[in-house]
Amino acid sequence: MSNMLRWQGKNTGFELIHPGLQLTYFAVVLVLTMTAMQPVLLTISFISALLFSFCVRGWQTTLKTLVILLPLVIICAVINPLFAMMGSSEVVRFGQHAIYLESIIFGLCMGMMLASVILWFSCASKILSTDKVLAVLGGVLPVVGLMISMAMRLVPQFTERGKLIGSVAESVTSARPLTKRDHITSRLRIVSVLMGWSLEESLQSADAMKARGWGATNKRTGYKRYRFAAFDLFASLALALLVITCSVLAFVACSQFHFYPTMSTLTLWWGYIPYALLMLLPLVVRIVEDLRFKWLGQA
Amino acid sequence: MTELKDFIHSTKPASEPALSIDGLCFSYASQDSNTGTQMAGNLLFSDASMCLPQGSFTLLTGNTGSGKTTLMRLIKPELAPTGYRKGAINVFGRETTSLSVAESSTMIGYVAQNPETQIVCDAVWHELAFGLENLGTSQEAMRRRVAEVAYFFGIEPWMHSPTASLSGGQKQILALASILVMQPKLLLLDEPTAQLDPIAEKNFLHALFRINRELGITVLVATHSPETMTDYATGALRLEDGKIEPTPLSAIPAKAGIHNKLQIPHDNATDSTTINCRDLFFRYSKEEPWVLRGFDLTVATSSIHAIVGGNGSGKSTLLNMMAKAIKPLRGRVNNLHSSSQAILPQNPMALFVGDTAAEELKEWQQRCDYSDEEIVSMVDLFNLKSALAKHPYDLSGGEQQKLALAKILLTKPKLLLLDEPTKGLDTSAKRELATTLLGLRAKGVTILMATHDLAFVSKVADNTTMIFDGQSACSEPTQEFFSNNIFYRLPRIDSTTNELNVAHEKSMREDESKTDS
């Protein structure tokens with residue numbers, strides 16, 4: 001059971017849409033986070049990523065990640081002013097070297113960006129299981145999809161076998177290697193058994209593929225587990241609209257903002273709202289889904 | 001696309017035979033094929049003919065090396081070996097050599113011996129769709145056919161599992177299902193159950209029976225142990241001296257069993273124990289459920305101790321732990337002979353390194369210091385003479401099992417750990433194995449085996465432990481075990497049918513209902 005759950009991924013609200021769209025969402029969020037170098041936008045992205053990570057990866061795992069990420073942010077904040085001696089408000093001065101507040105803030109923003117990207121990536125890997133990525137790939141390139149699928153089976157099988165051969169040889173203690181030479185050959189033996197076994201099996205697998213019509217047509221099709229429904233079209237349009245709005249707003253926000261020599265003052269602005277909506281979207285969907293099931297349960 | 005209904009009707013008995021072979025001659029292209037005389041000696045088939053009516057379930061028997069596999073492969077054009085060939089093979093009135101790849105794969109299905117090698121993809125759903133993808137089937141048709149087949153075999157619950165996580169039995173069912181999804185009318189199976197444990201074998205045969213009777217698909221099974229299949233079959237053929245002869249099902253080799261007289265009373269029973277462990281806990285990772293949780297085991301010196309239990313109950317894990325290949329998370333394993341033990345793994349391939357069976361037996365000769373005479377007597381004991389020159393991989397499943405056992409026995413272990421020793425063995429081989437094990441016990445060897453095969457256990461084991469839910473549910477002398485158990489036991493058999501197979505089959509049905517529930 002645990003295996004199956006791992007394969008299908010947890011209930012995140014993302015299952016409602018096509019994997020292609022899921023992939024697009026994460027790609028967009030990552031690109032925006034990496035390009036929009038503006039404190040408010042970065043904070044929005046970081047908080048959203050953090051909240052979503054609590055939601056899909058659990059608070060324990062997320063806290064463990066934070067333990068690594070926070071020092072990273074601090075290191076960035078410390079290192080940047082040492083290399084970029086720019087800004088106007090001097091904090092301390094070591095002889096020739098001045099440390100400016102602006103460059104500390106720039107470093108903090110850099111660190112936050114890195115942290116957000118890492119958090120978004122770990123959330124994405126939780127939701128975009130390999131079979132989803134393959135489904136997207138397999139739809140476009142069936143043969144590449146198949147090759148990856150075969151490799152995904154063979155590589156773990158290979159390592160697993162290597163371990164098995166070694167453990168069997170070690171378990172036969174009545175014939176355990178005695179001399180140093182025996183010990184060295186036992187390593188070689190594992191490789192030789194593994195190669196022979198795998199080659200033999202690959203021949204049989206090739207037969208099994210031929211017996212099932214491999215190469216019968218030039219136009220191989222790919223079985224699509226996910227279909228692109230009308231809802232997905234609607235969702236893509238809505239997402240596209242949101243993304244365009246956010247990109248324009250982010251561009252405006254970034255071009256009006258500068259760190260050096262003096263940092264621009266940040267003001268309350270309506271333009272942050274669509275950006276926050278985009279970043280918090282998965283969380284909102286998740287909460288709505290949870291509430292829906294709660295109401296259903298009570299009804 | 002043909003609907004399943006039409007499909008069934010179209011394969012209902014008609015005048016045309018499903019498969020007919022006329023005057024088939026074949027030899028592998030090893031020698032000069034210009035002169036007929038040189039060929040004659042090597043002919044595997046000479047003027048062989050046969051005919052399978054539609055909807056039949058036929059067993060193809062014959063000794064090892066009689067050419068069962070070659071014949072099966074000759075029928076399937078993509079797998080046909082090259083060589084000198086004469087005569088006609090017709091499937092539903094079509095000459096097989098004239099079939100296109102697409103036609104052949106939708107007419108003739110081929111399932112081989114080892115489920116492991118027939119699986120190509122990493123996920124079950126992809127494996128099912130693989131053949132249809134090859135044929136360029138449209139999305140809707142593919143979805144429908146995969147759904148139909150998944151329901152027929154009850155695959156739905158594990159549709160999204162990785163194929164690597166399946167049991168051997170599930171793998172072979174999947175291999176069968178992914179052939180049937182292409183809707184063949186003739187199904188060829190080459191020793192499909194040789195790699196399966198008795199319960200999985202029974203499940204597989206049930207599935208095969210349903211395909212034949214419910215869907216009307218013609219089935220031809222090559223097997224060296226036809227006695228397990230006679231209940232399902234409608235006819236049998238025997239390959240002998242290059243000819244194919246029909247044989248009545250009743251003439252299938254006697255259902256000879258291991259008789260009670262085999263029970264050699266052992267006098268050297270001692271109070272000493274070879275293995276002793278208490279309160280073992282183990283799981284493979286933090287996310288996975290416990291395999292063992294508080295398992296106790298005591299194995300008396302020079303006794304045969306059997307561990308029985310369902311699939312995935314932790315029998316193999318336990319054997320590896322006794323061999324100290326894996327460590328328990330809690331508890332201790334006391335193994336008196338841990339420096340002089342040998343293990344027979346579930347897949348004997350893990351032991352083979354040589355180019356021939358003979359080399360295999362010599363691998364540890366220097367290290368363990370055994371003479372050539374000992375090898376010869378071991379070869380005689382396991383009847384492996386004909387296999388000596390062959391590559392271990394080319395041997396049948398049963399022969400591989402025997403070779404692996406011979407190889408580890410030559411190292412003269414004091415403790416023998418056997419994982420499913422009767423897998424792939426026919427009745428006579430099982431009987432030989434039982435005799436060998438009892439002989440070893442008489443010499444003071446301690447044997448611990450994990451097996452499904454209750455009939456075998458009842459004949460050779462001194463003590464039996466049933467593993468359930470990570471614990472030892474009971475551990476008793478075998479006779480008491482079987483008389484105290486009401487459900488998990490051999491059925492009462494009257495004296496006239498005191499035969500292994502009958503007992504075997506019934507016990508298997510019991511096992512099945514246990515594991516199914």
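A note on names: the letters A, B, ... follow the listed sequences, proteins ahead of strands, and every chain is numbered from 1.
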For B/Asp419, enumerate each residue passing the salt bridge (Lys or Arg N to Asp or Glu O under 4.0 Å) test, keeping only those at least two apart in sequence or located in another chain. none
Enumerate donor-acceptor pairs with a distance under 3.5 Å from any side-chain N or O in residues 411-418 of chain B to protein atoms, sequence neighbours excluded.
from	atom 1	to	atom 2	distance (Å)
B/Thr411	OG1	A/Ser174	OG	2.7
B/Thr411	OG1	B/Ile408	O	2.6
B/Lys412	NZ	B/Glu374	OE2	3.2

Where does B/Ser338 contact chain A at under 4.5 Å (heavy atoms): side chain, backbone, both or neither? backbone
Most heavy-atom pairs under 4.5 angstrom with chain B, which of A/Ser205, A/Ser171, A/Ala208? A/Ser171
Heavy-atom distance under 4.5 Å to chain A: side chain of B/Val146, backbone, both or neither? side chain
Of the backbone (N, CA, C, O) and the side chain (C-beta and beyond), which part of A/Lys219 lies under 4.5 Å from a heavy atom of chain B, both, or neither? backbone
Identify which part of B/Ser100 has an atom lying under 4.5 Å from any heavy atom of chain A, answering side chain, backbone, both or neither. neither
So what's closer than 4.5 Å to chain A heavy atoms on B/Arg143: side chain, backbone, both or neither? both
Under the side chain to side chain donor-acceptor pair (under 3.5 Å) rule, collect the residues that match up with B/His126, sequence neighbours excluded. A/Ser149, B/Glu133
Among residues 22-29 of chain A, which ones touch chain B with a heavy-atom distance under 4.5 Å? none
Can a side-chain donor-acceptor contact be found between B/Arg145 and B/Thr137 if the only test is distance below 3.5 angstrom? no
Residue A/Leu146 versus chain B: region with a heavy atom under 4.5 Å: both
Identify which part of A/Gln204 has an atom lying under 4.5 Å from any heavy atom of chain B, answering side chain, backbone, both or neither. both
